Amino acid sequence: MRFTVTRSCGGARAGALYAGNWTSPLETPALLLSTRKGLPAFISRDLLASLPLPDSLLLHSSPLHFFECPPPHTLQNVGGLHQMLGLHDHIFVASPRDSVECLPESDGANKLGASFETPSGRRHVNPAKYMELISSLKPNVWASLADEVPAWVPEKRNKTSVDRTIRWLDDCLALDLASGSSILGSCLGAASKEERKRCATEVAKRNVSGFWIGGFGLGESMEERPSLLKAVTDCLPEQKLRMISGFDLPEEVLQGIAAGIDLFDSTYIYHLTLGGFALTFPLDNEERGAFDSQLSDIGCDGTKINLRATTYRKDTSAIVSNCGCFTCQNHTRAYINHLLNVHEMLAQILLEIHNTHHYLGFFRSIREAIKCNSFDLFHRRFIKGRRAHLTSTIAAPECQVVPA
Amino acid sequence: MALRFEVIGRFNRARAAQLTLPHFVCQTPLFMPVGTQGTIKGLTNNQLEDIGCQIILGNTYHLALRPGAELIDDLGGLHKFMNWKRALLTDSGGFQMVSLLHLADITEKGVTFQSPVDGKPMLLTPEESIQIQNKIGADIIMALDDVVKTTITGPRIEEAMYRTLRWIDRCIAAHKKPDVQNLFGIVQGGLDPVLRDICVRGLVERNLPGYAIGGLAGGEDKDSFWRVVAQCTAALPEDKPRYVMGVGYPLDIVVCSALGADMYDCVFPTRTARFGTALVPEGVLKLKHKAMASDERPIDPTCSCMVCKNYTRAYIHCLVTKDAMGSQLLSYHNLAYMMRLSKDLHMSIVEGRFPEFVRNFLQVQFPKGDVPEWVCNAMEVAGIDISACCAPFPSSTQDFAAELAA
């Protein structure tokens with residue numbers, strides 16, 4: 001894996017990531033599609049091919065999904081994630097937590113290893129086991145094992161978490177056959193700026209190819225994030241890749257990009273899809289003006305629509321009229337409303353395709369904005385649009401905001 | 001009549017035909033996957049086209065409840081609603097008399113159901129069934145029949161058969177779109193050859209575009225099953241499609257095709273997929289089994305579907321019954337298997353090698369030569385020599401002989 005920063009715009013930056021079989025670089029900031037056992041929750045290989053390239057090549061995978069099966073020797077024989085999934089050109093980025101069903105459980109961690117709640121119960125993972133999974137899965141890029149703790153733990157526990165994470169990074173490096181060429185050093189520190197700085201400084205001293213910033217989305221407030229992120233990025237070298245977990249929503253992504261993050265592993269699409277939501281927000285600022293005027297639709301909060309709402313029962317339009325995704329090209333809101341109504345799996349398939357397509361489009365317009373030096377404006381307008389909508393719904397009490 | 005049925009190949013009673021429907025030109029014999037509520041569970045339309053699906057079945061009963069026939073009609077019919085470009089078939093809602101009997105009360109007027117959505121009683125008359133099916137707009141619609149379980153006996157079977165004949169005239173009279181939708185009649189009469197004969201004659205007199213053999217695949221013994229199919233296919237007109245309802249086991253489809261049937265439907269391939277079972281030429285493969293965890297082969301090495309080309313049994317083992325993707329991938333493979341079976345039946349008849357195909361099919365399914373007796377009997381009637389697939393002596397007899405010798 002190779003990474004270069006191609007442009008900076010305020011705190012935000014654009015970069016080029018070279019990895020896998022793909023010959024041309026992948027542009028950052030970019031979204032990693034979250035997967036379950038290597039495939040997006042509802043999008044099979046043939047449908048994945050309908051999503052835009054190269055944007056949809058970046059996949060996030062949690063090695064813990066393969067803790068139970070297939071057995072390590074089978075994984076080894078098959079040749080790793082790419083072969084097992086038939087996704088030879090895709091780029092797998094691995095980190096332990098998937099933020100959906102494999103979550104760090106700080107109470108269960110000890111000096112030997114980290115602990116996670118998984119679908120098969122609580123799992124204890126030490127660096128040796130983690131590296132066994134990594135070496136058989138062969139992801140293109142992966143984060144070292146981390147002892148993630150929530151924002152509310154006492155200072156002492158947070159210090160221990162940082163100490164362990166640095167030690168485990170050394171363990172992972174010692175066991176890494178590729179000697180650091182695809183490893184992201186994990187940077188923790190929870191809600192303490194000092195610990196964030198200490199961890200980032202120590203990790204930056206190691207032979208790593210980039211950084212995974214963890215410990216977010218675990219109870220810290222939105223307001224304290226910019227200063228925590230700054231504490232981390234200040235200690236990291238400019239030219240290396242930065243990935244973050246726990247920044248899911250569009251607003252959070254924009255916050256992360258403003259702080260100079262390159263890769264995002266988001267569970268937003270998954271949660272929207274399960275809830276029956278489809279993303280509809282305009283992807284560039286020109287569309288926004290026209291869009292704002294029709295925000296008072298029921299089942300619409302300005303960024304997404306709830307296709308379960310009865311208002312879509314006879315709506316024969318596509319989710320987004322000019323959207324080029326498989327779902328919008330082939331199916332109506334009325335059909336998806338029916339599928340949700342009768343609990344048919346196709347609803348989730350179609351929604352995950354659309355939401356993925358749309359969110360990839362969001363990242364693309366962010367990259368465009370950075371390229372034209374207008375990211376700050378893009379960011380401000382997006383937030384303003386959301387606020388304007390929220391205040392207008394408060395002013396009009398008959399219009400309900402559908403909770404996500 | 002809105003169809004054309006051209007037989008293009010034969011072997012004794014078996015036939016391969018081109019069935020031209022308003023939305024698609026189909027090759028028979030063919031299997032129709034069941035898309036109960038306007039979707040095949042877990043597959044997109046383009047995936048169904050990729051694997052060669054020609055007709056999808058929709059359930060009138062379910063569609064009438066949700067989203068409702070009015071809504072489907074307002075939005076331009078089921079083809080447009082689900083954006084399926086190929087052919088569709090809707091059942092009459094009659095099968096739910098068997099499957100949801102505790103909710104149904106059957107009289108001469110029609111069937112009264114308790115709506116499972118809101119608990120209100122819903123009357124389904126022959127007229128209403130056809131009216132709803134006219135609104136849904138499938139290429140083939142089914143007459144409302146009085147379905148009884150084949151396993152029951154007595155006067156109820158006779159009553160149901162005669163009622164089915166009386167209802168067919170009400171269905172024909174109610175059918176408003178004979179130029180774009182084909183109404184198929186359904187042969188009833190349980191396992192009684194006399195009743196079946198009366199029903200077939202009664203329906204043939206009405207000169208319908210096609211005929212279905214109903215009331216089977218409901219738990220009757222296999223010997224009765226094939227005899228009813230053989231009797232009906234022999235008596236139905238040569239130039240009309242014959243549809244055996246509810247049949248979906250690959251072996252049953254091969255036997256029925258040998259006896260001259262053309263169309264089949266069943267939830268089995270997709271339902272069994274959701275429970276973690278794959279269809280393979282040898283029979284079935286249970287992917288939940290522990291042995292699959294480290295099996296690095298594809299589900300079926302002879303299959304060229306997207307799933308078999310890309311995934312190992314070991315990987316599918318991790319998914320089945322835990323992740324939605326397990327259902328999706330196995331349903332895809334199982335339907336691809338059924339489509340390949342349909343195509344193989346069609347091509348082998350057209351190319352004059354149907355007996356070889358049947359023998360090969362049976363040899364792979366029964367490598368020990370233990371072909372069930374009912375299959376042997378049916379094949380004799382079909383005029384297909386399968387002696388090469390059957391063990392010369394049942395193994396138990398051999399053991400007995402060995403014991404005697406000792």
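Computed from a predicted model, the values in this text were never measured in an experiment.
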Just checking [X]: does its [atom1] atom have more than 12 heavy atoms from other residues, nucleotides or ligands closer to it than 6.0 angstrom?
| X | atom1 | result |
| --- | --- | --- |
| B:Arg86 | CZ | yes |
| B:Lys343 | NZ | no |
| B:Lys288 | NZ | no |
| B:His289 | NE2 | no |

Value rounded to 0.5 Å, distance of [atom1] in [X] from [atom2] in [Y]:
| X | Y | atom1 | atom2 | answer |
| --- | --- | --- | --- | --- |
| B:Met82 | A:Thr332 | CE | OG1 | 12.0 Å |
| A:His65 | B:Asp323 | NE2 | CG | 8.5 Å |
| B:Tyr311 | A:Gln83 | OH | CD | 12.5 Å |
| B:Met292 | A:Cys69 | CE | SG | 13.0 Å |
| B:Met325 | A:Arg36 | CE | CZ | 10.0 Å |
| A:Glu68 | B:His317 | CD | NE2 | 10.0 Å |

pair [X]-[Y]: side-chain heavy atoms closer than 4.5 Å:
| X | Y | result |
| --- | --- | --- |
| A:His338 | B:Gln37 | yes |
| A:Tyr335 | B:Thr39 | yes |
| B:Thr44 | A:Leu47 | yes |

Can you tell which part of [X] gets under 4.5 Å to a heavy atom of chain B, answering side chain, backbone, both or neither?
| X | answer |
| --- | --- |
| A:Thr316 | side chain |
| A:Leu339 | side chain |
| A:Leu39 | both |
| A:Ala334 | both |
| A:Pro119 | neither |

So which of [options] has the largest heavy-atom pair count under 4.5 angstrom toward chain A?
| options | answer |
| --- | --- |
| B:Leu71, B:Thr312, B:Thr36, B:Leu43 | B:Leu71 |
| B:Asn46, B:Leu319, B:Leu329 | B:Asn46 |
| B:Cys318, B:Gly42, B:Gly76 | B:Cys318 |

Which heavy atom of [X] sits nearest a heavy atom of [Y], and at what distance?
| X | Y | answer |
| --- | --- | --- |
| B:Ser294 | A:Thr74 | CB-OG1, 3.2 Å |
| B:Ala293 | A:Pro71 | O-CD, 3.2 Å |
| A:Ala41 | B:Gln328 | O-NE2, 4.4 Å |

### Query
Which pairs pass salt bridge (charged side-chain N to carboxylate O under 4.0 Å, His left out) with one or both residues in residues 309-331 of chain A, sequence neighbours excluded?
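Residue pairs passing salt bridge (charged side-chain N to carboxylate O under 4.0 Å, His left out), neighbours aside: A:Lys314-B:Asp74, A:Asp315-A:Arg333.
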### Task
Kindly indicate, with the supporting measurements, whether the criterion side-chain hydrogen bond (donor to acceptor under 3.5 Å, both in side chains) is fulfilled by A:Asn341 and B:Arg66.
CA-CA 8 Å; A:Asn341 218 3; B:Arg66 291 180 299 188; 5.0 Å; no
### Query
If you tally heavy-atom pairs under 4.5 Å against chain B, which of A:Val78, A:Asn330, A:Ile353 wins?
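Option with the greatest count: A:Asn330.
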### Task
Please flag which part of B:Lys80 lies under 4.5 Å from any non-hydrogen atom of chain A: side chain, backbone, both or neither.
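No part of B:Lys80 comes within 4.5 Å of chain A.
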